[in-house]
Amino acid sequence: MSNPDSYRPAPPPPQSGSISLQAMPTRTPQTGTYLEGLNPEQKDAVIATEGAVLVLAGAGTGKTRVLTCRLAHILEGGMAYPSQILSVTFTNKAAREMRERVGGLIGQTVEGLTWLGTFHSVAAKILRIHAELVDLKSSFTILDTDDQIRLIKQVIRSQDIDDKRWTPRYMASLIDSWKNKGLTPDKVTHKEAFKFAEGKGGEIYKIYQDRLIVLNACDFGDLLLHNLTIFTKHPDVLAKYHRKFRYILVDEYQDTNVCQYLWLRLLAQGTGNLCVVGDDDQSIYGWRGAEVDNILRFEKDFPGAKVVKLERNYRSTEHILGAASGLIATNEDRLGKTLWTDLEGGELVTVTGVWDAPAEARMISNEIENWKSQGRLYDEVAVLVRASRQMRAFEERFIALGLPYRVIGGPRFFERLEIRDAHAYLRIILSETDDLAFERIVNTPKRGIGQTSVQKLQMAARSMNVSLEHATRELVKTDEIRGKARSALKAFLLDAKRWRADIGVLKPVDLAERVLDESGYTQMWRDNKDAKSQGRLENLKELMQAISEFDTLEGYLEHVSLVLDVESGPQEDEISLMTLHAAKGLEFPLVFLPGWEEGVFPSQKSLDENGLAGLEEERRLAYVGITRAREKAKIYFAANRQIYGSWQSSIPSRFIDELPPQHVTAEAETGYYDHSYNRGMAEEVSESFVSSFERSRTSPGWQRYKQSQKSATVITGTATRKPVKNKGTNFKVGERIFHQKFGYGTIKSADGAKLTVAFEKSSEKKVLDGFVEKV
DNA sequence: GCGCAGCCCATTTTT
DNA sequence: TGGGCTGCGC
């Protein structure tokens, strides 16, 4: 970003108990220092506080600056209290950055911005206040993707659907996509429901939602979706937020999905002061529900909206911008803006053909060493790939040469196996009704409690309509589970009881350490000689560090699901290696863009599944990639690439041909490719383009759809835990029964659901009534 | 209940 | 080619 020097501490905000809310904003002559150094368009965007405003902010045009200045402007002008501004971002990182930068402008007042956060954290906050309106308790837990899939798997199995043919992952993605569109189970169309298991998709969604309520839990999609339900069914609640939020600000609007759009639209009905900032050319998350259409349609949705285009770029040279602009101009579906800069000259964007991926890595490594030897930093360099598997070649090369690098993105800290296990322990001691947590760790470390035992616990829990832990307590009193499993379960229950007694006594960290120690969890990894276990132990240590910053376990767990992410370690001088997606929002003086080949980039899969829309999104990704560069952008393509183990010769990406020649220069490594050869390839490229559309009709998705159309069946009833009151048994003393394992017998006595049965082929045993049937 | 060998399937990822 | 999952044998 430019002109950071104009950021100076702002004067203290007007201190008064009666801020005039109707102060005419445009006449507020509060010429705070924050307005200095803004270009005319930026200033325009900052002071247009009233009504609907769309700020189309191209790459590197000072978007964050506009957002933060706008906040400062509203606050310093006394137009609203900090708590009356709703500002939403997509990532925690963006929220944190905004908070920091606004703090730099207005000082302490920033702490009052209680409604600055991600969509999800703001929605969770609202949902906790009104949880009971959607049958939740305000203490609801937020499930991560892993829990979500496990739960869905259970539901699928409970419906006797083959979970190999119809995978829980696929069902989860459908549910997510429905939630992204704001669809509750009753609103899912037949056609949509038929995407899964011959039409059972809708039913599974419904059962899954019911299960979530029983578990007092939400998945990520629910946070927003429940908000929608609350706002639409309870206008009084919505009205309260209308009164509360005087101004709404949205970052990265092009990434919003339908649900988020509806949520914003409802909230904006209050004052109508909705300002969204985004760039349609950088919409790269369509596959995850983002609707570019939201930003394309903004002026229609909010008639009279003011549109401000930020096109002056402060980041890149004219050749980089020229190349990127020329490329993106090929897209049809865009609002259209052209970046410009007064940074004249600079180097042409290079396009280089190489033999294969190792050659590509070798060549790029050489360039990086060159750069370093010229006194520049590794920190200034990024290698941006389309798919993470392309990273391997670079990592190998960097390691061989001893070049320091860091991978950005990849598996997140809190999604690691050991961290999830540890969380499950904490969750279960905090809430004994957390069945998912119980299931996860009841046999981790191995205690001899196998699948069959767990299944029995589940059956018992279902038949008694209680939690798994509760069912366990009952079941160990009987002979349903015996031997090692039974004693292990008993011991586990005792452990849990002991740990719970320390809640509020020990500090969260100390409790957590004790639990992981006494459960044998830490020992399990110490004993494991796998190469990764050392790292896992270190992660657990890091986890303790994170927990130590909280006073209560609840507080910690609340944050962990939505807000917390681990700060990256001390900054060293390292090359950044990441996907193009991960690079959005970042900038580097020197950017390498390897793998520009048909099928790799644009990705064949994207083309197959989404046709022209997919291609346009890939092109936006290319645009994002090029515009990350400040000084140099270097594109590569290989003549041969290994795909799934086998070598394939490849064709240069069509995107290479779309770069305006005046901003590009071809550098061939050895003459396998030169620019004219590449041009000749254009014929073949367009042919493959046509064939990709042909292929789309034979794609798996299309096939699956056709198949599901053919074999439609009637939706069947449900069989999950229904909120039925826990009652005694239906069995009578003296009655003859059958038990799967023990055979026939006669009931001697009954104690609630616990039966004492004299079995004919076995001795007298205590069993649960859910396990026997009348004969 | 646990460990290993063969098998299948492969973007992008935030909350 | 390689990682993750399943099914089989102990």
Side-chain angles (χ1 to χ4, degrees), chain A residues 88-95 117-124 142-148 153 163-164 167-169 173 176 179-180 218-225 252 255-257 259-260 283-290 357 384-393 396 408-412 414-415 417 443-455 481 483-485 488 530 532 559-565 578-585 595 599-610 614 617-618 620-622 624-625 641-648 700:
Chain A
V88 280
T89 62
F90 274 86
T91 65
N92 290 308
K93 190 173 162 227
T118 63
F119 272 100
H120 293 270
S121 66
V122 170
I142 299 165
L143 301 188
D144 60 25
T145 319
D146 195 59
D147 284 329
Q148 186 190 16
K153 189 172 182 171
D163 64 355
K164 298 236 172 50
T167 66
R169 267 185 79 88
S173 72
D176 274 344
K179 288 183 178 177
N180 286 159
C218 273
D219 62 23
F220 286 121
D222 280 334
L223 296 172
L224 267 299
L225 194 59
E252 306 276 14
D255 287 338
T256 51
N257 60 37
C259 189
Q260 287 156 340
S283 166
I284 55 175
Y285 286 107
W287 49 275
R288 153 180 123 180
L384 311 181
V385 296
R386 173 71 243 274
S388 46
R389 79 160 72 92
Q390 291 168 258
M391 290 183 190
R392 176 177 283 159
E396 282 171 1
I408 296 180
R412 325 202 88 67
F414 288 96
E415 282 168 11
L417 175 93
N443 198 33
T444 307
K446 300 273 189 294
R447 302 186 170 96
I449 302 161
Q451 220 189 341
T452 31
S453 302
V454 173
Q455 264 167 17
I481 293 172
K484 202 178 164 199
D530 192 287
K532 283 188 214 146
H559 273 256
V560 80
S561 47
L562 286 175
V563 180
L564 225 64
D565 45 10
M578 69 190 101
T579 63
L580 286 159
H581 283 91
K584 195 170 81 160
V600 175
F601 190 39
S603 132
Q604 189 58 50
K605 193 157 181 166
S606 189
L607 264 37
D608 285 347
E609 287 174 4
N610 299 304
E617 185 155 311
E618 294 285 303
R620 291 193 290 266
L621 203 47
V624 167
R641 193 168 289 270
Q642 237 179 342
I643 294 173
Y644 306 144
S646 60
W647 286 95
Q648 271 179 250

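- Contact annotation: A:S388 side-chain N/O to B:dT12 OP1/OP2 distance is under 4.0 Å.
- Rounded to whole Å, the C1' atom of B:dT14 lies 24 Å from the corresponding atom of C:dG3.
- Atom CG of A:D146 is separated from atom C1' of B:dT13 by 15 Å (rounded to the nearest Å).
- In this structure, the CZ atom of A:F220 is 4 Å from the C1' atom of B:dT15, given to the nearest Å.
- In this structure, the aromatic ring of A:F119 is not positioned over the six-membered ring of the base of B:dT15 within 5.5 Å between centres and 30° between planes.
- Counting any heavy atom pair closer than 4.0 Å across all strands shown, A:R389 reaches sugar-phosphate atoms only and no base atom.
- Rounding to the nearest 0.5 Å gives a distance of 8.5 Å between OH of A:Y285 and CG of A:L621.
- A straight line from CG of A:D176 to P of B:dT13 spans 16 Å, rounded to a whole angstrom.
- Contacts of A:T89 with the nucleic acid, taken as non-hydrogen atoms under 4.0 Å apart, are absent.
- For the pair A:G645 and A:K484, both in contact range of DNA chain B, the more 5′-proximal nearest nucleotide belongs to A:K484.
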**Q.** Heavy-atom protein contacts under 4.0 Å, nucleotides 4-10 of chain C, coded B base, S sugar-phosphate only, - none
**A.** --SS---
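- Rounding to whole angstrom units, CD1 of residue A:I142 and P of B:dT15 are separated by 13 Å.
- The phosphate of B:dC2 has OP1 or OP2 within less than 4.0 Å of a side-chain N or O from A:N443.
- Using a 4.0 Å heavy-atom cutoff across all strands shown, A:T452 reaches sugar-phosphate atoms only and no base atom.
- Distance A:R412 CZ to B:dT15 P: 6 Å, rounded to the nearest Å.
- Ring geometry, A:F119 versus A:F90: the interplanar angle falls from 30° to 60°, so the pair is classed tilted.
- A close approach under 4.0 Å does occur between a side-chain nitrogen or oxygen of A:N92 and OP1 or OP2 of B:dT15.
- Here the nucleotide nearest the side chain of A:K605, chosen from B:dT15, B:dT13, B:dA10, is B:dA10.
- With rounding to the nearest 0.5 angstrom, the CD1 atom of A:I142 is 5.0 Å from the CG atom of A:L223.
- Within the 4.0 angstrom heavy-atom criterion, no nucleotide atom of any strand lies near A:Q390.
- Every salt bridge (Lys or Arg N to Asp or Glu O under 4.0 Å) that A:D163 has, sequence neighbours left out, goes to A:R157.
- Contacts of A:E617 classified as salt bridge (Lys or Arg N to Asp or Glu O under 4.0 Å), with partners at least two apart in sequence or in another chain: A:R620.
- The structure places CZ of A:R169 at 10.5 Å from CD of A:Q148, a figure rounded to the nearest 0.5 Å.
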Between the protein and nucleotides 3-9 of chain B, which nitrogen or oxygen pairs come in under 3.5 angstrom?
none

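- Listed by chain and number, the residues in a side-chain hydrogen bond (donor to acceptor under 3.5 Å, both in side chains) with A:N180 amount to none (sequence neighbours excluded).
- Look at A:S606 and you won't find any side-chain N or O under 4.0 angstrom from OP1 or OP2 of B:dT12.
- In this structure, OG in A:S606 is found 6.5 Å from CZ in A:R386, a value given to the nearest 0.5 Å.
- With sequence neighbours excluded, no residue satisfies side-chain hydrogen bond (donor to acceptor under 3.5 Å, both in side chains) with A:N443.
- Within the 4.0 angstrom heavy-atom criterion, only backbone atoms of the sugar-phosphate kind lie near A:T579; the bases stay farther away.
- Once rounded to the nearest 0.5 Å, the distance linking CD1 of A:I408 with CG of A:L384 reads 9.5 Å.
- Spacing between atom CZ of A:R169 and atom C1' of B:dT11 amounts to 12 Å, rounded to whole angstrom units.
- The side chain of A:Y644 approaches B:dA10 more closely than any other nucleotide in the set B:dA10, B:dT11, B:dT15.
- We find that CG of A:L224 is positioned 10 Å from C1' of B:dT15, with the value rounded to whole Å.
- Across all strands shown, A:E252 has no heavy atoms under 4.0 Å from either base or sugar-phosphate atoms.
- Atom CG of A:L607 is separated from atom P of B:dT12 by 16 Å (rounded to the nearest Å).
- Between B:dT13, B:dC2, B:dT12, one nucleotide has an atom nearer to the side chain of A:A387 than all others, and that is B:dT12.
- Backbone-only engagement by A:R392 is indicated by non-hydrogen atom pairs under 4.0 Å involving sugar-phosphate atoms exclusively.
- Ion pairing between A:D144 and A:R412 fails under the 4.0 Å rule for side-chain N and carboxylate O.
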